[in-house]
> 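Sharing a structure with you now.
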Amino acid sequence: MLSIHVQAACRRLRVCALLLTALALLQAPVRAEACTLWSAVGDVSGGGSLLAKNRDFEPGSWSRLVLVRPDRGLAYVGLYALVDGRQTLVAGVNEAGLAIVSATAGSVPKEQRKVPSRVKALAARLLSGSGSVGEALANRDWFVEHAPVIYMLADSTKSAWVEVAPEGAVAVREIAPTGRGESMRGGTLTHTNHFLAPELASANVSVGRSSSARLEGIQAMLARSKGHSLEEFERLGLDTSRGPDDSVFRTGSKPSSARTLAAFMTEIPAEGSPLLMVRSWGDPQRTWIMRLPLNRTFWERTPPGTSQLLASDPGFPDMPLPGAPGRQ
């Protein structure tokens with residue numbers, strides 16, 4: 001009889017151990033894939049909009065900037081990141097003045113984020129085929145069929161974020177200026193790595209501390225600004241006031257910690273050509289920065305069906321340029 005009670009107790013202990021293990025997994029931090037996204041429209045020097053992304057990842061995820069002109073569609077400049085041995089488009093702006101940046105839906109378990117998407121290369125498809133935020137959002141089916149991810153978009157008159165949750169759930173928020181002249185009022189959008197839409201709250205399995213802290217940080221800094229400019233966005237992107245892991249610019253508390261590896265910021269004026277600023281800290285000993293006026297001369301520098309490498313971290317492997325049949 002005693003052995004029966006002992007066996008039952010052991011079974012209960014095993015069940016408790018499994019429950020504790022599952023709870024620990026839910027509370028454990030997700031892999032260090034993170035970004036901070038923010039935009040402004042209306043309250044911008046000279047009119048138009050601004051869009052920014054700080055790209056955070058573990059050290060060794062290299063970046064490169066590529067000008068892509070497809071055989072068909074719009075040309076675009078893309079920031080590509082090396083993730084799991086593949087180059088992934090994480091930010092871009094096209095010749096029509098549409099800019100897109102992305103962030104990992106880190107509140108969703110990795111196995112759900114990595115499910116195969118029925119729509120491939122969505123960011124590239126949107127940049128090559130959409131001339132405005134409205135045109136991009138009209139392709140709702142593309143977002144529905146994509147794996148969990150977060151996008152922020154901007155053109156000269158509007159900004160929006162798109163949250164894609166598991167099983168095709170999608171939420172969209174848009175902002176556009178109201179009024180005219182001195183009475184014009186704009187707004188800002190911010191995002192990090194968990195879903196903000198109330199209708200998608202149940203999809204947040206685990207919201208990371210850094211995601212919440214960075215969101216609060218960028219929102220507070222933008223709220224203190226009376227107007228916005230590219231120079232201000234660059235300054236905000238370098239803010240370290242919340243420490244090595246929770247600031248908009250992350251330096252990482254450990255050698256393996258996620259840190260800010262690149263910044264992608266674009267100014268899209270109401271009139272005239274956009275201005276792009278891209279900076280990389282992928283190799284701390286060989287950082288680089290590019291400021292590109294995206295005028296007609298720039299876009300015509302490469303013919304259809306080709307791509308041109310504009311800048312790269314030294315460690316980025318010698319891979320074929322995206323959007324081109326071979327290395328240019």
Side-chain angles (χ1 to χ4, degrees), residues 21-37 53-63 78-92 100-127 136-137 139-153 160-173 190-215 245 250 252 256-262 264 322:
T21 300
L23 181 61
L25 287 173
L26 286 175
Q27 294 179 338
V30 296
R31 190 184 177 199
E33 302 174 0
C35 293
T36 303
L37 317 178
K53 167 190 171 82
N54 265 18
R55 177 183 173 251
D56 303 340
F57 208 86
E58 298 158 359
S61 177
W62 312 112
S63 302
L79 179 66
Y80 287 83
L82 187 68
V83 180
D84 296 332
R86 300 177 60 185
Q87 55 183 338
T88 302
L89 179 61
V90 296
I100 300 175
V101 295
S102 65
T104 299
S107 60
V108 175
K110 183 178 179 180
E111 60 270 18
Q112 290 182 287
R113 302 198 310 267
K114 299 300 182 182
V115 297
S117 297
R118 293 192 293 273
V119 174
K120 304 298 183 183
L122 177 54
R125 182 179 291 195
L126 291 170
L127 286 169
L137 296 181
N139 296 298
R140 186 180 180 87
D141 289 347
W142 294 357
F143 294 101
V144 169
E145 295 180 352
H146 200 274
V149 68
I150 296 163
Y151 286 109
M152 189 172 286
L153 308 86
W161 54 244
V162 182
E163 298 176 339
V164 182
E167 300 181 359
V170 173
V172 179
R173 297 293 184 273
T190 56
H191 222 301
T192 48
N193 303 104
H194 60 279
F195 301 125
L196 304 181
E199 60 266 34
L200 297 185
S202 61
N204 286 321
V205 176
S206 177
V207 177
R209 182 193 68 187
S210 176
S211 185
S212 295
R214 285 180 285 112
L215 183 66
D245 297 317
R250 302 169 74 183
S256 60
S257 297
R259 61 202 59 207
T260 300
L261 300 180
F264 183 99

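Numbers here simply count residues along the sequence, with the first being 1.
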> Can you give me the closest heavy-atom contact between Ala165 and Phe195, atom names plus distance?
CA-CZ, 3.7 Å

> Determine the minimum heavy-atom distance between Leu261 and Ser61, stating which atoms define it.
CD1-O, 3.4 Å

> Roughly how far, to the nearest 0.5 Å, is CG of Leu122 from OG of Ser117?
8.0 Å

> Only one of Glu163, Arg173, Lys53 clears side chain to side chain contact (heavy atoms under 4.5 Å, CB included) with His191; which?
Glu163

> For residues Ser257 and Pro59, report the shortest heavy-atom separation together with the two atoms involved.
O-CD, 3.4 Å

> Mind checking the CG-OG1 spacing from Leu37 to Thr192? Nearest 0.5 Å is all I need.
8.0 Å

> Less than 4.5 Å apart, side chain to side chain, heavy atoms only: is that true for Val162 and His146?
no

> Does Ser107 reach the main-chain N or O of Val207 with its side chain, forming a donor-acceptor pair under 3.5 Å?
no

> List the atom of Ser63, the atom of Arg55, and the distance in Å for their closest heavy-atom pair.
OG-NH1, 3.0 Å

> Once rounded to the nearest 0.5 Å, what's the spacing between atom CG of Leu82 and atom CZ of Phe57?
9.0 Å

> With sequence neighbours excluded, tell me which residues meet side-chain contact (heavy atoms from CB on, under 4.5 Å) with Asn139.
Leu126, Ser130, Trp142

> Would you say the side-chain atoms of Arg250 pair up with the backbone N or O of Thr260, donor to acceptor, closer than 3.5 Å?
no

> With rounding to the nearest 0.5 angstrom, report the CH2 to CD1 distance, Trp161 to Ile150.
8.5 Å

> Please test Phe264 against Val90 for side chain to side chain contact (heavy atoms under 4.5 Å, CB included), starting from the C-alpha separation and ending with a verdict.
CA-CA 9 Å; Phe264 183 99; Val90 296; over 6 Å; no

> Can you tell me how far CG of Leu89 sits from CD1 of Ile100, rounded to the nearest 0.5 angstrom?
8.0 Å

> What's the separation between atom CG in Leu200 and atom NE2 in His194, rounded to the nearest 0.5 Å?
12.0 Å

> Looking only at heavy atoms, which two atoms of Val115 and Glu111 are closest? And how far apart?
CG1-O, 3.4 Å

> Could you tell me which non-hydrogen atom of Arg113 sits nearest to which non-hydrogen atom of Ala105, and how far apart they are?
CD-O, 3.0 Å

> Side chains of Asn54 and Arg214, heavy atoms from C-beta outward: is any pair under 4.5 Å?
no

> Measure from the side-chain N and O atoms of Thr104 to the backbone N and O of Ala34, and report whether any donor-acceptor pair falls under 3.5 Å.
no

